[in-house]
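This report concerns only the one structure given below.
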There are 2 protein chains.
Amino acid sequence: MDLDLRKLRYFVAVADRLHFGRAADDLHIAQPVLSRQIRALEQDLGAPLLIRDSHGVALTDAGRQLLTDAGPLLASAEAVRRRVTVAARGSQRLMVGFRAGITATAAVREFAIRHPDVIVDVQRIESDDQAAMLLDGRIDVGYVRLPIDETGLRVTPLYTEPRVAVLPAGHRFAGREQITESDLAGEPLLWHPDTSTQPTKRPHPNAGYLVRGVDETLEHVAAGRGISFLARSTAVFYSHPEVRYVPVTDLAPDQVCLAVAASRTSPVVNDFLAAAHATAEITAECGNDEMWQLANGVAAQHG
Amino acid sequence: MDLDLRKLRYFVAVADRLHFGRAADDLHIAQPVLSRQIRALEQDLGAPLLIRDSHGVALTDAGRQLLTDAGPLLASAEAVRRRVTVAARGSQRLMVGFRAGITATAAVREFAIRHPDVIVDVQRIESDDQAAMLLDGRIDVGYVRLPIDETGLRVTPLYTEPRVAVLPAGHRFAGREQITESDLAGEPLLWHPDTSTQPTKRPHPNAGYLVRGVDETLEHVAAGRGISFLARSTAVFYSHPEVRYVPVTDLAPDQVCLAVAASRTSPVVNDFLAAAHATAEITAECGNDEMWQLANGVAAQHG
DNA sequence: CGACGGCGATACCCTGGAGGCATCGCCGTA
DNA sequence: TACGGCGATGCCTCCAGGGTATCGCCGTCG
């Protein structure tokens, strides 16, 4: 009658690996159990999900459909469990996520006027799981940067800010006042894997380097493994002795948005969204010209 | 580890009735089973959900949170199952829902140019479950009318149309060219229950009459049980010998929107949305002045 | 060409959970 | 004080989910 979320989780494991034995290892169960559970799921849904033949395991149409749907459903279930256990503790809590360079302070302060009883936690988030954290309830509201997979989310734009190139200190453009995108044509670019999309797990072209978060980006750029780009406010917040920032005049600006899970409806969340929109200009100030020049002066003395 | 959707469904039944015995009847299981299952769920979540004392059963904070979250989660699970079984049949299908008075023909035709292989089914929907049908996958896209609970949905406005009063043929204003809202002050108004919000199941003030859908509305108005309002295009499509439509000049217009489940992402759905937006003007024509005058002339001869 | 190894399926067993029925304990009320 | 309503408990059965051992198929390699 009802879907069995455990079987669904098992199916996702098999579909990801396309291999019963290894999936069973991942799940810490024996392979025959997994084999039977998948068959039971197929019977339950009345549709074959996998094709097993001598060439290995492949997905059917129904299997592909289930794979795309199962992740969000499991995330929702996780979010429900998380919210219930939080509600059981009695204290009203709101977890706000923010990408590097964004300060939620103004919105939190504004929100606290209306809800002095609600405890607001803030947590930094990264591009590769910003959507997942919203969907599975680890954060209630997120200051996110595009691009983001909007599936299951409600995303509203807040403001934009220019982007800067991240160059090693010895780079030929490192001292420039500004450059254009075409100046950097052919430069090796660090690849930021985005696991928020389908977890197809193909190796990314960084020759094995995992680039996640700003600090790591700066390290890799400093090490000469490639260049990267950052929103200007992020560049204001992070400096590195071996790294220089140079504005790129013709690069599409970075879009900062507010995001919540679409299924999430609560007056507390709505009031925070209102507060965040009301204080958007203050939030945007972190990356304005003044802050940029100030930080740039500091950075210039740094090296 | 994973949430058990069956226990969740059981919990919703108990929370709705606030009575174990009756909830067990609803679920067609014995009361002791239900009692144990709820305890198991509480243990599983690590939080008490219900307070049982001599005064009956009440929800805790955690229980309230779970009740609000459980419905959408169960609907999502249902949607997943439905989509998988449809995908298993191989044929690409798209179910389009539309409220009374709206014709999806133009969008369907436009969509068919791009996707001749996709079978487009259309189905009329009502206000009281338009959101639920989107959330549990019975329809993929909906031409809906506001108000609608946007939780878990992606709703984009299409067009607006004026609204008309629905009056019995013998009403003192039945022959008027137009009236204002204040003219109808004090008139008994039919109440349309909206089960899409919390199913609190309190009796609605219609003295026992269930008013659902346009045809029933017309019957009740004709019987003199009250007056009602309809979007003009709906009035164009439906006529009744004992009922007259009169434009209300100062009533807020009816907003027609497109809606999809927020978790639903598929190129087919997106293409239909694009087609629907592209043909919005054609769709809106059903309620324009010309159609209205034509229908009104017919209706005048009708009586 | 036969032996072997990888991999999913099957056989069989054990335990725990979900269902049923009968009954208890509590409490409000007649 | 007796009774009735209601949720909890005790006890049984049965099946689903977990394990181990093994089979059957097939590709590969000596």
Side-chain angles (χ1 to χ4, degrees), chain A residues 1-60 62-64 66-67 70 74 77 81 201, chain B residues 1-60 62-64 66-67 70 74 77 81 201:
Chain A
M1 172 97 204
D2 302 286
L3 271 186
D4 185 339
L5 293 188
R6 181 185 329 180
K7 295 199 181 73
L8 224 57
R9 192 161 48 83
Y10 288 0
F11 169 75
V12 171
V14 176
D16 274 351
R17 298 301 221 93
L18 292 177
H19 191 294
F20 278 74
R22 277 187 270 281
D25 282 349
D26 292 351
L27 296 168
H28 302 109
I29 59 171
Q31 171 265 321
V33 175
L34 184 55
S35 189
R36 252 182 308 153
Q37 293 290 64
I38 299 297
R39 293 218 98 90
L41 179 61
E42 288 177 314
Q43 191 155 9
D44 190 63
L45 290 170
L49 301 171
L50 298 169
I51 301 167
R52 306 99 155 141
D53 59 16
S54 53
H55 304 301
V57 178
L59 288 167
T60 64
R64 253 186 300 281
L66 185 59
L67 181 58
L74 292 170
R81 142 165 282 145
K201 277 156 184 158
Chain B
M1 175 94 204
D2 301 288
L3 273 186
D4 185 339
L5 293 188
R6 180 186 332 178
K7 294 198 180 75
L8 224 57
R9 191 162 48 84
Y10 288 1
F11 169 76
V12 171
V14 176
D16 275 350
R17 297 303 220 84
L18 292 177
H19 191 294
F20 278 73
R22 277 186 270 279
D25 283 349
D26 292 350
L27 296 167
H28 302 109
I29 59 172
Q31 171 266 321
V33 176
L34 183 56
S35 186
R36 257 177 308 161
Q37 294 290 65
I38 298 297
R39 294 216 95 91
L41 179 60
E42 288 177 314
Q43 191 156 9
D44 190 64
L45 291 169
L49 301 171
L50 298 169
I51 301 167
R52 304 96 154 145
D53 60 16
S54 52
H55 305 299
V57 178
L59 288 166
T60 64
R64 253 186 300 280
L66 185 60
L67 181 57
L74 292 170
R81 144 166 281 145
K201 280 160 186 160

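Residue numbers start from 1 in every chain, and the chains themselves are labelled A, B, ... in the order their sequence lines are given, proteins ahead of strands.
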Gap separating the CG atom of B:D4 from the CG atom of B:L41, nearest 0.5 angstrom
8.0 Å
Note: chain A reaches DNA chain C at heavy-atom distances under 4.0 Å over the stretch, first to last nt, 5' to 3', of C:dC7 to C:dT10
Do any of residues 5-12 of chain B sit with a heavy atom less than 4.0 Å from DNA chain C, and if so which?
B:R6, B:K7, B:Y10
Spatial distance of atom CG (B:L34) from atom CZ (B:F11) [nearest 0.5 Å]:
11.0 Å
Over all heavy atoms of both residues, which pair between B:L18 and B:A58 is shortest? Give the atoms and the distance, please.
CD2-CA, 4.3 Å
Check each residue of residues 34-47 of chain A for a non-hydrogen atom within less than 4.0 Å of any atom in DNA chain D, then write out the ones that pass by number, or none.
A:R36, A:Q37
Applying side chain to side chain contact (heavy atoms under 4.5 Å, CB included) to A:L59 and A:L50, what does each step give before you reach the verdict?
CA-CA 5 Å; A:L59 288 167; A:L50 298 169; 3.6 Å; yes
Please report the interatomic distance CD(A:Q31) to CZ(A:F20), rounded to the nearest 0.5 Å.
8.0 Å
Sequence-distant partners of B:A62, side-chain contact (heavy atoms from CB on, under 4.5 Å), two or more places apart:
A:V84, A:A88, B:A47, B:L49, B:T60
With nearest nucleotides of DNA chain D determined for B:R52 and A:P32 from heavy-atom distances, which residue corresponds to the more 5′ nucleotide?
B:R52
Applying salt bridge (Lys or Arg N to Asp or Glu O under 4.0 Å) as the test, list every pair that has at least one member in residues 18-29 of chain A; sequence neighbours left out.
A:R17-A:D26
With salt bridge (Lys or Arg N to Asp or Glu O under 4.0 Å) as the rule and sequence neighbours excluded, what pairs involving residues 29-45 of chain A come up?
A:E42-A:R52, A:D44-B:R81
Non-hydrogen atoms of B:L5 and B:A77 that approach each other most closely
CD1-CB, 3.5 Å
Can you tell me how far CG of B:L66 sits from CG of B:L3, rounded to the nearest 0.5 angstrom?
8.0 Å
Nearest-angstrom distance from the residue atom CG of A:D53 to P of D:dG27:
10 Å
Going by side-chain hydrogen bond (donor to acceptor under 3.5 Å, both in side chains), name the residues that satisfy it together with B:R9, two or more places apart in sequence or in a different chain.
A:D2
Could you list by number each residue of residues 18-28 of chain A showing a heavy-atom separation from DNA chain C of less than 4.0 Å, or answer none if no residue does?
A:H19, A:F20, A:G21, A:R22
Once you apply a heavy-atom cut-off of 4.0 Å, does B:A30 come out as touching a base, just sugar-phosphate, or nothing?
sugar-phosphate
